[in-house]
Every structure is written in structure tokens, then in C-alpha cells.
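Here's the structure, in C-alpha cells; my notes come after.
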Amino acid sequence: SSPCDRPVPPTAGLSHDKWEIHPSELMLLEELGSGQFGVVRRGKWRGSIDTAVKMMKGGTMSEDDFIEEAKVMTKLQHQNLVQLYGVCSKHRPIYIVTEYMKHGSLLNYLRRHETSLIGNMGLLLDMCIQVCKGMSYLERHNYIHRDLAARNCLVGSENVVKVADFGLARYVLDDQYTSSGGTKFPIKWAPPEVLNYTRFSSKSDVWAYGVLMWEVFTCGKMPYGRLKNTEVVERVQRGIILERPKACAKEIYDVMKECWAHGPEDRPGFRILKDQLALVAQGLT
Ligand SMILES: CN(C)c1ccc2c(c1)CCN(c1cccc(-c3cc(Nc4ccc(C(=O)N5CCOCC5)cn4)c(=O)n(C)c3)c1CO)C2=O
């Protein structure tokens with residue numbers, strides 16, 4: 001697309017480091033929760049722009065590497081990706097400033113609205129399609145999420161769903177999270193090649209996307225229930241997959257099953273998935 005029809009990131013022209021945000025232009029508001037890197041607060045930027053501000057707790061992130069990567073991340077712009085506006089990196093703790101999504105995580109949204117969502121297959125499918133569009137954009141830019149799950153997607157007004165925190169897994173210092181043997185490693189969203197060789201790719205994101213679809217059609221159930229991580233690893237390596245959720249039509253479950261092909265090369269890419277889900281959505285109307 002030509003530069004003129006790409007939205008100019010609001011950080012443009014701020015300073016020669018256009019991804020650098022001046023803390024004086026941020027007004028910090030209520031706490032939204034805390035994640036891998038510490039507390040996140042809602043903020044107003046330049047008086048009017050709604051933002052979420054991650055305030056990096058010391059020792060949680062390899063900050064210099066992230067600040068370098070932030071320059072790339074601010075260029076990833078898509079209506080189904082939570083936009084990184086910039087960073088405040090001239091002080092400690094550093095701040096990561098992103099677009100604000102008023103309904104919080106997709107996982108909590110699904111659990112909070114289960115009664116109104118469970119019968120609405122069209123809406124659940126639309127949420128999956130929005131995530132697929134965001135992931136298809138990342139795939140096109142050879143960008144791997146590494147921790148795609150409903151907890152890492154966010155919901156805005158009018159049921160807009162966006163993928164958040166893509167690529168951040170690379171900067172987490174907690175090895176309980178980064179090593180596949182760690183207690184915080186997302187085992188239940190990981191394919192065999194990640195469990196065995198931590199080999200991440202857009203095709204391992206596709207496996208995780210299949211699990212995210214399962215989360216959506218169960219309105220936020222925990223995959224594999226209360227099975228221990230060791231039991232899940234054993235099942236996944238033996239090719240046992242998640243069962244079809246009651247609220248999920250067979251042709252939607254067929255797409256989920258494609259995402260769980262044992263070999264990454266046998267899984268479709270997000271572009272293909274997008275087309276398949278669009279056809280299923282047409283068939284539903
Ligand atoms: C390494 N990986 C994968 C990471 C790293 C950091 C994080 C995450 C994964 C995911 C979790 N996380 C995190 C932590 C805290 C906040 C945010 C977080 C929360 C937002 N929004 C909201 C809005 C409302 C509410 C809320 O309280 N409610 C209750 C009432 O009904 C409406 C919803 C919560 N969050 C938001 O817009 N962003 C951008 C980030 C986020 C998401 O960003 C992180 O900060």
C-alpha cells in the first residue's frame with residue numbers, strides 16, 4: 001500500500017525516534033491488571049488518546065533487546081492487532097504504550113458473557129475470523145506470536161477482537177515461562193515440535209489458533225480440563241486432540257482439526273484458514 005493510505009502512527013514526528021513517547025504527554029489512570037512484566041494501567045496520551053501502559057517491573061524483561069524490537073513492532077499495523085504506539089525508554093521503569101481495548105481479554109469476555117454468547121455461533125465464528133485476520137497479517141510479515149491464546153487477545157467496542165502482545169515472549173526473563181519444562185510455559189497451546197524442540201513458526205501459531213478456536217466455542221473453558229501438563233504432552237505426542245465443543249458445528253471443528261495436524265507442514269497457513277472460515281461463515285447465514 002502506498003504510504004499515503006497507511007494510517008500515520010500517532011507517534012510520527014514526536015522526535016527523531018518516532019517510537020519514543022514523552023512521559024510528560026502521558027496521564028496514568030486506573031490499573032487494568034498485571035501480566036508477565038508487571039502492572040498495566042489505562043492512560044491518556046496527549047490529553048485524548050486512550051492507551052494501556054505496561055510499566056516494566058525490573059528483572060522481568062530484556063529491555064534493551066525489546067526497545068530495539070519496538071521500532072519494528074510500531075510498523076505492524078492492522079485492524080486486528082493491538083497497536084503499539086511507542087515506548088518511554090529514557091527512564092526506568094520503561095513504559096510500553098499501546099492502543100486501549102475497553103472490554104479486556106477475550107478469555108474473560110467469553111467467560112463473563114457465556115450465556116449470551118453460547119447460542120450465537122455466528123458471533124463466535126466472527127471473533128475467530130478477526131483473530132485469523134490479525135494472525136494472517138503477522139504471518140505475511142514473517143512475525144511469530146509465540147503465545148497465541150484467548151488470554152492474549154483483547155476485545156474492544158462493537159465486538160472488535162484484536163491480537164495482543166505478539167512477539168513479547170522472546171523478551172521474558174522468567175525461565176518458568178520460557179522453557180518448555182517451566183510451570184508457566186503454555187503447554188496446552190503448544191504443538192509437538194514446540195514440546196520436543198521448541199521449534200516456533202507461524203505453523204506453531206496455527207496450532208495455538210486451533211486451541212483458541214476451541215476456547216471461543218467453549219466460551220472460555222480450560223483446554224484438557226484439569227489434566228496435568230505431563231498428561232497433555234503425552235496425549236499431544238500420541239495425536240490425541242481436543243474433542244468437538246457442543247456449540248461448534250462439524251465444519252468448524254473440521255477447521256480446528258486441520259490446525260492440529262501433527263506435522264507443521266500439514267497445517268494450513270492463516271491465509272488459507274481465513275478463506276476457509278469465510279466460506280463456513282457464508283454457509284451459516
Ligand atoms: C509475554 N506475553 C505473552 C505477555 C506479556 C504481557 C502481557 C500479556 C502477555 C497478557 C496480559 N497482559 C496484560 C495485563 C494487564 C492488562 C492488559 C491490558 C488490558 C487492556 N484492557 C482492559 C480493559 C478493561 C479491563 C477490565 O478491568 N475489565 C473488567 C470490567 O469489564 C471490562 C474488563 C481490563 N483490561 C488493554 O486494553 N490492554 C492493551 C492491555 C494486558 C494485555 O496486554 C500483559 O501485559
Side-chain angles (χ1 to χ4, degrees), residues 10 21 26 28-45 49-63 65-66 69-70 73-74 76-87 93-114 116-117 131 134-135 138 143-180 182-190 194 198 200 204-205 208-209 211-212 215 220:
I21 287 179
L26 267 185
L28 294 176
L29 302 167
E30 80 275 12
E31 203 176 296
L32 294 172
S34 61
Q36 211 68 44
F37 301 129
V39 169
V40 182
R41 292 173 66 173
R42 187 164 71 87
K44 281 281 185 185
W45 182 43
I49 302 172
D50 275 321
T51 66
V53 183
K54 290 191 203 309
M55 305 156 80
M56 285 299 110
K57 188 165 148 233
T60 60
M61 167 195 251
S62 45
E63 295 179 352
D65 296 352
F66 169 73
E69 178 69 8
M73 290 169 122
T74 49
L76 295 170
Q77 302 179 5
H78 184 273
Q79 66 267 23
N80 295 112
L81 293 183
V82 173
Q83 181 64 47
L84 172 68
Y85 289 150
V87 294
I94 65 169
Y95 293 171
I96 298 178
V97 184
T98 72
E99 160 183 19
Y100 173 68
M101 301 289 282
K102 75 174 183 180
H103 292 299
S105 83
L106 173 60
L107 181 61
N108 289 335
Y109 188 81
L110 290 166
R111 290 176 172 170
R112 261 202 318 268
H113 298 82
E114 171 167 12
S116 63
L117 288 170
V131 172
M135 289 308 298
L138 288 182
Y143 209 91
I144 306 169
H145 190 298
R146 289 181 175 78
D147 192 359
L148 179 61
R151 64 180 173 277
N152 291 334
C153 293
L154 292 165
V155 184
S157 33
E158 288 109 49
N159 289 314
V160 167
V161 179
K162 303 194 183 193
V163 178
D165 300 311
F166 35 91
L168 289 188
R170 291 169 293 171
Y171 305 103
V172 175
L173 288 176
D174 180 356
D175 49 23
Q176 284 306 322
Y177 172 82
T178 50
S179 84
S180 58
T183 53
K184 297 176 192 164
F185 188 86
I187 288 280
K188 296 180 168 181
W189 285 262
V194 166
T198 42
F200 289 99
S204 62
D205 280 350
Y209 177 75
V211 181
L212 180 147
E215 291 183 275

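One-based numbering, in listed order, for ligands and for the atoms of each.
- Atoms of ligand 1 found under 4.0 Å from any heavy atom of T98 (numbered from 1 in listed order, with element): 39 (C).
- For ligand 1, the atoms lying closer than 4.0 Å to a non-hydrogen atom of L154 are 36 (C), 38 (N), 39 (C), 40 (C).
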Subject >> Derivation and outcome, side-chain contact (heavy atoms from CB on, under 4.5 Å), residues L106 and R151 >> reply: CA-CA 6 Å; L106 173 60; R151 64 180 173 277; over 6 Å; no

**OP:** With side-chain hydrogen bond (donor to acceptor under 3.5 Å, both in side chains) as the test, would you mind laying out the steps for Y143 and D205 before giving the verdict?
**Re:** CA-CA 10 Å; Y143 209 91; D205 280 350; over 6 Å; no

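- Between W45 and Y85, the ring planes are parallel. Angles under 30° get that label, and only those over 60° would be called perpendicular.
- Residue contacts with ligand 1 include S34, since one or more of its heavy atoms lies under 4.0 Å from the ligand.
- Residue contacts with ligand 1 include E99, since one or more of its heavy atoms lies under 4.0 Å from the ligand.
- Between the side chain of N80 and the backbone N or O of V163 there is no donor-acceptor pair closer than 3.5 Å.
- Panel note: side chain R42, backbone L29; no donor-acceptor pair is recorded below 3.5 Å.
- Side chain of N152 to backbone of D147: a donor-acceptor contact under 3.5 angstrom is found.
- Residue-level proximity to ligand 1 for A164 is absent, since no heavy atom of it falls below 4.0 angstrom.
- Of the heavy atoms in N108, none comes closer than 4.0 Å to ligand 1.
- Only the side chain of Y177 comes within 4.0 Å of ligand 1, counting heavy atoms alone; its backbone N, CA, C and O stay farther away.
- Two residues are said to be in side-chain contact when any heavy atoms from C-beta on lie closer than 4.5 Å; Y177 and T60 fail this criterion.
- Using modelled atom types, no side-chain atom of T183 and backbone atom of Q176 make a donor-acceptor pair closer than 3.5 Å.
- Nearest protein heavy-atom contact of atom 24 (C) of ligand 1 is K102 O, 3.4 Å.
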Subject >> Test log, rule side-chain contact (heavy atoms from CB on, under 4.5 Å), inputs F200 and R170 >> reply: CA-CA 11 Å; F200 289 99; R170 291 169 293 171; over 6 Å; no

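- Of all protein heavy atoms, the one lying nearest to atom 43 (O) of ligand 1 is K54 NZ, 2.6 Å.
- Checked by atom type and distance alone, the side chain of E99 never pairs as donor or acceptor with a backbone atom of T51 at under 3.5 Å.
- The nearest protein atom to atom 27 (O) of ligand 1, hydrogens excluded, is given as L32 O, 4.3 Å; this is a heavy-atom distance.
- Taking every non-hydrogen atom of V172 and a distance limit under 4.0 Å, the qualifying atoms of ligand 1 come out as 1 (C).
- Below 3.5 Å of separation, one finds an N or O of D165 facing an N or O of ligand 1.
- Of the candidates V40, V87, I21, L28, L28 is the only one forming a side-chain contact (heavy atoms from CB on, under 4.5 Å) with Y95.
- For atom 9 (C) of ligand 1, a protein heavy-atom neighbour is found at a distance under 4.0 Å.
- Looking only at heavy atoms of the protein, atom 28 (N) of ligand 1 is closest to R112 NH1, 4.5 Å.
- Of all protein heavy atoms, the one closest to atom 13 (C) of ligand 1 is V40 CG2, 4.1 Å.
- Taking atom 35 (N) of ligand 1 as the reference point, the nearest protein heavy-atom neighbour is G104 CA, 3.6 Å.
- Heavy-atom proximity to F37, at under 4.0 Å, picks out these atoms of ligand 1: 5 (C), 6 (C).
- For atom 23 (C) of ligand 1, the closest heavy atom belonging to the protein is M101 O, 3.2 Å.
- Checked by distance only, ligand 1 and L168 stay at 3.5 Å or farther apart across all their nitrogen or oxygen atoms.
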